[in-house]
There are 2 protein chains.
Amino acid sequence: MSEDVAARVWRGMRGLVLERHERRKEVCDALGMSFIRVKALRLLAPGPLTLRRLAERLATDAPYTTIVVADLERRGLVERAPHPEDRRAKIVSITPEGVTAAELAERILGEPPSALLALDPADLDALDRVIARLLAAGS
Amino acid sequence: MSEDVAARVWRGMRGLVLERHERRKEVCDALGMSFIRVKALRLLAPGPLTLRRLAERLATDAPYTTIVVADLERRGLVERAPHPEDRRAKIVSITPEGVTAAELAERILGEPPSALLALDPADLDALDRVIARLLAAGS
DNA sequence: ATGTACCGTTGTAGTAGTGCAACTAATGAA
DNA sequence: TTCATTAGTTGCACTACTACAACGGTACAT
């Protein structure tokens with residue numbers, strides 16, 4: 001049954017990501033901040049967002065996002081500026097220091113498990129191809 | 001560079017598991033308990049553990065594990081019994097009601113994303129084979 | 001202009017989880 | 001026996017996060 005295979009694959013992927021290679025604590029220790037702040041920083045790395053949009057991406061509400069952003073701003077990692085077209089909104093953008101921190105986070109979180117690095121190149125390519133398809137599919 | 005491929009694959013897997021298909025909230029709502037309790041239940045499903053061992057598996061300390069287990073016991077989902085050989089220790093085991101709850105959690109967490117179910121059977125098999133190898137490798 | 005809706009902020013209250021200290025009971029070694 | 005160690009528990013203090021209410025400033029349609 002291919003549903004069983006899918007279930008086994010899914011369990012396997014979850015196990016790899018969530019149990020064997022959870023780097024949450026490591027990255028929080030390295031950056032000296034809570035995980036939601038790391039997440040915010042990574043979300044802002046590609047480009048500025050309004051606070052509201054950031055809140056959505058963080059799956060939290062605006063009030064808490066204000067606190068997170070204020071803290072990151074205090075650390076000099078992000079900046080808040082009024083939105084040029086909508087003066088109600090503010091755009092939150094990452095600073096050079098923030099980029100450095102975000103890159104460190106990416107390096108820690110993105111470091112592939114050794115098993116993945118040790119994988120046979122053909123297997124790795126197969127994995128790469130299929131994962132790309134999964135990501136391309138909407139959900 | 002195969003390291004780049006590995007990094008891309010790893011990022012993809014993390015994205016799938018952590019961003020696109022995070023079921024934490026869903027399972028907590030369904031079971032009416034915090035995620036660490038769900039985790040404890042799932043850890044106890046295969047067989048009893050001492051409280052200390054459970055604490056290790058939960059990556060938390062003994063005092064908090066006591067609280068979690070006491071709460072699960074109040075709900076009738078686990079039981080505490082004195083260890084037959086070491087009267088300092090207690091063995092925590094899951095009840096039939098606990099098994100039912102754990103199965104529900106497994107069903108929610110283990111439900112593969114639709115993209116995985118829609119995958120070409122050959123791709124799915126390839127994925128299955130490689131994931132199995134990754135899991136077989138220690139880390 | 002006016003009513004409605006939206007954005008960010010402040011505040012408040014509650015839950016979840018972490019970390020540490022101290023205690024009892026039990027084990028095991030000297 | 002005595003002593004160090006371990007298992008579980010209780011308690012406390014703290015951080016992180018969630019959820020909601022309310023407010024001022026702004027946008028926009030009518």
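Throughout, a chain's letter reflects where its sequence line sits, starting with A, and its residues are numbered from 1. Quick caveat, the model's predicted, so the values are computed rather than measured.
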Pick base, sugar-phosphate or nothing for [X], based on heavy-atom distances below 4.0 Å to the nucleic acid.
X        : result
Ala89(A) : sugar-phosphate
Thr65(A) : nothing
Asp86(A) : sugar-phosphate
Arg80(B) : sugar-phosphate

Is the phosphate of [N] approached by [X] (side-chain N or O, under 4.0 Å from OP1 or OP2)?
X        : N       : result
Thr60(A) : dT18(D) : yes
Tyr64(A) : dC17(D) : yes
Lys25(A) : dG19(C) : yes
Arg87(A) : dG8(C)  : no
Ser34(B) : dG17(C) : yes

Tell me, with the steps shown, if Arg75(A) and Asp71(A) meet salt bridge (charged side-chain N to carboxylate O under 4.0 Å, His left out).
-> CA-CA 6 Å; Arg75(A) 295 166 187 254; Asp71(A) 180 62; 2.9 Å; yes
Using whole Å, report how far [atom1] of [X] lies from [atom2] of [N].
X        : N       : atom1 : atom2 : value
Glu56(B) : dG8(D)  : CD    : C1'   : 14 Å
Asp61(B) : dT9(D)  : CG    : P     : 13 Å
Lys90(B) : dT10(D) : NZ    : P     : 8 Å
Leu58(B) : dT18(C) : CG    : C1'   : 14 Å
Arg24(B) : dA16(D) : CZ    : C1'   : 14 Å
Ile67(A) : dT15(D) : CD1   : P     : 14 Å
Arg52(A) : dA5(C)  : CZ    : P     : 15 Å
Lys39(B) : dA16(C) : NZ    : P     : 15 Å

On DNA chain D, more 5' by nearest nucleotide between Leu51(B) and Pro63(A) is Leu51(B)
Between Arg37(A) and Glu85(A), which is nearer to the 5' end of DNA chain D once each is assigned its nearest nucleotide?
-> Arg37(A)
Below 3.5 Å, does any donor atom in the side chain of Arg88(A) face an acceptor in the base of dC6(C), or the other way round?
-> yes
Considering only NZ, NE, NH1 and NH2 on the basic side and carboxylate oxygens on the acidic side, decide whether Glu106(A) and Arg11(B) come within less than 4.0 Å.
-> yes
Is any NZ, NE, NH1 or NH2 atom of the basic residue among Asp4(B) and Arg8(B) found under 4.0 Å from an Asp or Glu carboxylate oxygen of the other?
-> no
For Arg133(A) and Asp120(B), what are the C-alpha separation, side-chain angles and deciding distance, and is it a salt bridge (charged side-chain N to carboxylate O under 4.0 Å, His left out)?
-> CA-CA 10 Å; Arg133(A) 286 195 192 175; Asp120(B) 179 87; 5.6 Å; no
With rounding to the nearest 0.5 Å, note down the distance linking OG1 in Thr66(B) to CD in Glu73(B).
-> 11.0 Å
Donor-acceptor contact below 3.5 Å, side chain Thr95(A) vs main chain Gly76(A) | yes
Out of dT18(D), dC7(C), dA19(D), minimum distance to the side chain of Ile36(A) belongs to dT18(D)
